[in-house]
Amino acid sequence: MPTIPPNIVVLTGAGISKESGLDTFRDADGIWSQVRLEDVATPEGFRRDPAMVHQFYNARRRRLAQGDIEPNPAHLALARLEREWRGEVLIVTQNIDDLHERAGSDNLIHMHGELLKVRCRQCRKPLVWVGDLDTGHACPDCGRTGSLRPHVVWFGEMPLAMDRINAALRHCGLFVSVGTSGNVYPAAGFVAAVRQAGRAHTIELNLEPSEGASLFHEARYGKASDLVPAFVEEMLSRSGNLTPGPI
Ligand code: APR
């Protein structure tokens, strides 16, 4: 009876993009040490000062568009795993950058939205948007001015595609967390949900122990661009022995 390879769910956070040149949030030099999240990542902040919020995301869009920002070996390794693993590989990213896509990952959910999309608060349709956005722009679909906002999930808002994510967590055989501090729910609760389902092996790949480190069966600490390619190589070289378990 051939071993059915388990489905894999990979949760990624800002740490996987750090070596590509993008800031994390809670490291000492992180984004939240530079600007108050209450001002730029909440609906209240946007209502209070939309221009400041637009300026914050415009700066991050410009940074992402710079030539030195490229997918790193960790992004590329996850795209390889998706191509070569015989079971399903789903990446659930908290990141709003497009580095997983640019690395070649297709089966991908941006649970916190996408930096290169905006949406109209009236007609609610996400639109690709790569340049600066300000309150003077009109929605290309409904024509309303000032109704466009970043297609990013702010604190206090519901993350995207949670039904699909929860189903994948219940049915996976392997859950891997890469580059996240485990500070923000619901993503921080995924490992507990997987453990409760009782089917999957769980691994944390991070620079340092996350808030939820004790909930993982296994942990490896170091840089994502070292850990993730080695992990993917090990997974793909497990001839036949594809059942989840200590790698
Ligand atoms: N390799 C691996 N891990 C790294 C690296 C690296 N090179 N550099 C940093 N890290 C780790 C840090 O140790 C930390 O545990 O990545 C994690 C980044 O944590 P955060 O900055 O809190 O980012 P994240 O977990 O993605 O934040 C979750 O919070 O502010 C919200 O919406 C925002 O999506 C974000 C969410």
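Residue indices begin at 1 and follow the sequence shown. Heavy atoms only: backbone and side chains are in, while hydrogens, waters and symmetry mates are out.
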Q: How far does CG of Leu205 sit from CG of Leu227, to the nearest 0.5 angstrom?
A: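 Going from the CG atom of Leu205 to the CG atom of Leu227 covers 5.5 Å.
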
Q: Could you please spell out the steps behind the side-chain contact (heavy atoms from CB on, under 4.5 Å) verdict for Glu204 and Val178?
A: CA-CA 6 Å; Glu204 171 169 84; Val178 182; over 6 Å; no

Q: Tell me if the aromatic rings of Trp129 and His137 count as close, with their centers under 6.0 Å from one another.
A: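 Yes, they do, as the ring centres are separated by less than 6.0 Å.
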
Q: Evaluate the criterion salt bridge (Lys or Arg N to Asp or Glu O under 4.0 Å) for residue pair Arg63 and Asp23; output intermediate values, then yes/no.
A: CA-CA 10 Å; Arg63 180 74 186 107; Asp23 288 341; over 6 Å; no

Q: Closer than 3.5 angstrom, by distance alone: can the side chain of Gln66 be matched with the main-chain N or O of Arg62 as a donor-acceptor pair?
A: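 Flag not set: sc Gln66 to bb Arg62 has no pair under 3.5 Å.
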
Q: Is Asp27 reaching over with its side chain to a backbone N or O of Asp29, donor-acceptor style, under 3.5 angstrom?
A: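 No.
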
Q: Got a sec, which residues hit ring-ring contact (aromatic ring centres under 6.0 Å, His included) with His217, two or more places apart in sequence or on another chain?
A: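 Residues passing ring-ring contact (aromatic ring centres under 6.0 Å, His included) with His217: His201.
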
Q: So which heavy atom on Pro159 is nearest to which on Pro186, and how close?
A: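 Shortest heavy-atom contact: CG-CD, 3.5 Å.
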
Q: Identify whether Leu116 and Trp154 are in the same connected component of the hydrophobic contact network (ILVMFWY, side-chain heavy atoms under 4.5 Å).
A: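 Same cluster.
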
Q: Parallel, tilted or perpendicular for Phe25 and Trp32, by the 30°/60° rule?
A: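 Tilted, since the angle between the ring planes falls between 30° and 60°.
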
Q: With rounding to the nearest 0.5 Å, note down the distance linking CZ in Phe56 to CG in Leu37.
A: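 Answer rounded to 0.5 Å: 9.0 Å.
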
Q: Ile31 versus Thr24: any side-chain heavy-atom pair under 4.5 Å?
A: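 They are not in side-chain contact.
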
Q: Can you name the closest pair of heavy atoms from Ile16 and Ala74 and give their distance?
A: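 Minimum heavy-atom contact is CG1-CB, 3.6 Å.
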
Q: Evaluate the side-chain proximity of Leu236 to Arg80: yes if any heavy-atom separation is below 4.5 Å, no if none is.
A: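 The answer is yes, as the side chains (C-beta and beyond) meet within the 4.5 Å cut-off.
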
Q: Between Pro229 and Ala77, which heavy-atom pair has the shortest distance, and what is it?
A: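 Result for this residue pair: CA-CB, 3.6 Å.
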
Q: Is Val10 linked to Ile203 within one hydrophobic cluster, defined over Ile, Leu, Val, Met, Phe, Trp and Tyr using a side-chain heavy-atom separation of less than 4.5 Å?
A: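 Linked, Val10 and Ile203 end up in one cluster.
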
Q: Are Arg149 and Glu157 close enough, and set up right, to give a salt bridge (Lys or Arg N to Asp or Glu O under 4.0 Å), and what steps lead you there?
A: CA-CA 14 Å; Arg149 58 162 280 182; Glu157 296 183 324; 2.8 Å; yes

Q: Is there a donor-acceptor pair closer than 3.5 Å between any side-chain N or O of Trp85 and the backbone N or O of Met235?
A: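 No, Trp85 side chain to Met235 backbone: no donor-acceptor pair under 3.5 Å.
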
Q: Passes side-chain contact (heavy atoms from CB on, under 4.5 Å), Asn107 versus Glu88? Steps please.
A: CA-CA 9 Å; Asn107 197 21; Glu88 180 186 358; 2.9 Å; yes

Q: If you measure from CZ on Arg26 to OG on Ser181, what distance do you get to the nearest 0.5 Å?
A: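 Here the interatomic distance stands at 5.0 Å.
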
Q: Looking at Glu218 and Arg220, is there a salt bridge between them, counting it only when a charged N and a carboxylate O are closer than 4.0 Å?
A: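 Answer for the salt bridge query: yes.
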
Q: I'd like to know if the side chain of His112 and the backbone of Gln94 have a donor-acceptor N/O pair within less than 3.5 Å.
A: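 Flag set: sc His112 to bb Gln94 pair under 3.5 Å.
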
Q: Has Ser210 got a side-chain atom pairing as donor or acceptor with Gly212's backbone, closer than 3.5 angstrom?
A: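 Yes, because the side chain of Ser210 sits within donor-acceptor range (under 3.5 Å) of the backbone of Gly212.
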
Q: State plainly whether one hydrophobic cluster holds both Leu160 and Phe155, where clusters connect Ile, Leu, Val, Met, Phe, Trp and Tyr through side-chain heavy atoms under 4.5 angstrom apart.
A: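 Not linked; separate clusters.
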
Q: Look at Glu84 together with Arg238 and state whether they make a salt bridge at an N to O cut-off of under 4.0 Å.
A: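 Answer for the salt bridge query: no.
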
Q: Can you see whether Ser225 engages Asn72 through a side-chain donor-acceptor pair at a distance of less than 3.5 angstrom?
A: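 Absent: no donor and acceptor within the cut-off.
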
Q: Hey, does the side chain of Asn95 reach the backbone of Asp97 with a donor-acceptor pair shorter than 3.5 angstrom?
A: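 Looks like no, no N/O pair under 3.5 Å.
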
Q: Does Glu19, at its CD atom, have more than 12 non-hydrogen atoms belonging to other residues, nucleotides or ligands within less than 6.0 Å?
A: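 More than 12 heavy atoms, drawn from other residues, nucleotides or ligands, come within 6.0 Å of this atom.
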
Q: Using side-chain contact (heavy atoms from CB on, under 4.5 Å), reason through Arg48 and Asp39 one step at a time and then give a plain yes or no.
A: CA-CA 8 Å; Arg48 197 166 47 243; Asp39 292 336; 3.2 Å; yes

Q: So, does Asn7 use its side chain to make a donor-acceptor pair with the main chain of Gly173 at under 3.5 Å?
A: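 Not at all, since once roles are kept as given, no pair shorter than 3.5 Å links the two residues.
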
Q: Kindly compute the distance separating NE2 (His100) from OG (Ser17), expressed to the nearest 0.5 Å.
A: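 So the gap between those two atoms works out to 6.0 Å.
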
Q: Quick one: are Leu127 and Pro140 in side-chain contact, heavy atoms under 4.5 Å?
A: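 Side-chain contact under 4.5 Å: yes.
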
Q: For Leu64, run the side-chain contact (heavy atoms from CB on, under 4.5 Å) check against Ile96, Leu115, Val130 and tell me which one passes.
A: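 Exactly one option meets the side-chain contact (heavy atoms from CB on, under 4.5 Å) with Leu64, and it is Leu115.
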
Q: Check the hydrophobic clustering (I, L, V, M, F, W, Y; side-chain heavy atoms under 4.5 Å; chains of links allowed) and say if Val35 and Val152 are grouped together.
A: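 Yes, one cluster joins them.
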
Q: Could you tell me whether the side chain of Tyr57 and the main chain of Val40 form a donor-acceptor pair under 3.5 Å?
A: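 Yes; at least one donor-acceptor contact below 3.5 Å.
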
Q: Side chains of His54 and Pro150, heavy atoms from C-beta outward: is any pair under 4.5 Å?
A: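 Answer yes - side chains close enough.
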
Q: Does Arg170 form a side-chain contact (heavy atoms from CB on, under 4.5 Å) with Asn166? I'd like the steps, not just the answer.
A: CA-CA 6 Å; Arg170 281 195 301 275; Asn166 288 328; 3.8 Å; yes

Q: Determine the minimum heavy-atom distance between Ser147 and Gln122, stating which atoms define it.
A: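 Scanning both residues, the minimum pair turns out to be CB-CG, 4.0 Å.
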
Q: Looking at Arg119 and Asp141, is any side-chain nitrogen of the basic one under 4.0 Å from a carboxylate oxygen of the acidic one?
A: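 Arg119 and Asp141: not salt-bridged.
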
Q: Report yes or no: do Thr93 and Thr12 form a side-chain donor-acceptor pair below 3.5 Å?
A: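 Looking only at side-chain atoms, Thr12 and Thr93 do form a donor-acceptor pair, the distance falling under 3.5 Å.
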
Q: If you group Ile, Leu, Val, Met, Phe, Trp and Tyr by side-chain heavy-atom gaps below 4.5 Å, do Leu81 and Val176 land in one group?
A: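 Cluster IDs for Leu81 and Val176 match.
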
Q: Between Asp98 (side chain only) and Glu101 (backbone N and O only), is there a donor and an acceptor less than 3.5 Å apart?
A: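 Not a single qualifying donor-acceptor pair exists.
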
Q: Do Cys142 and Cys120 have side chains that approach each other closer than 4.5 Å (heavy atoms only, starting at C-beta)?
A: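 They are in contact (side-chain heavy atoms under 4.5 Å apart), so the answer is yes.
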
Q: Whether the side chain of Glu234 engages the backbone of Phe231 through a donor-acceptor N/O pair (distance < 3.5 Å, no angle test) should be reported.
A: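 Side chain of Glu234 to backbone of Phe231: no pair is present.
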
Q: Quick one: NE2 on His75 to OG on Ser20, what's the gap to the nearest 0.5 Å?
A: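 One finds 4.5 Å between NE2 of His75 and OG of Ser20.
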
Q: Taking transitive links into account, so neighbours of neighbours count too, which hydrophobic residues share a cluster with Val92 at under 4.5 Å side-chain distance?
A: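 Same cluster as Val92: Val9, Leu11, Leu90, Ile109, Met111, Met158, Met162, Ile165, Leu169, Phe175, Phe190, Val191, Val194, Leu215, Phe216.
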
Q: Nearest 0.5 Å, what's the CG-OG1 distance between Leu174 and Thr202?
A: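 Between atom CG of Leu174 and atom OG1 of Thr202 there are 8.5 Å.
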
Q: Which heavy atom in Gly146 sits nearest to a heavy atom in Arg121, and how many Å separate them?
A: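 Closest approach of Gly146 to Arg121, heavy atoms only: O-NH2, 2.5 Å.
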
Q: Restricting to non-hydrogen atoms, name the atom on Cys139 and the atom on Cys123 that form the minimum distance, rounded to 0.1 Å.
A: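 Looking at all heavy atoms of both residues, the shortest contact is SG-SG, 3.6 Å.
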
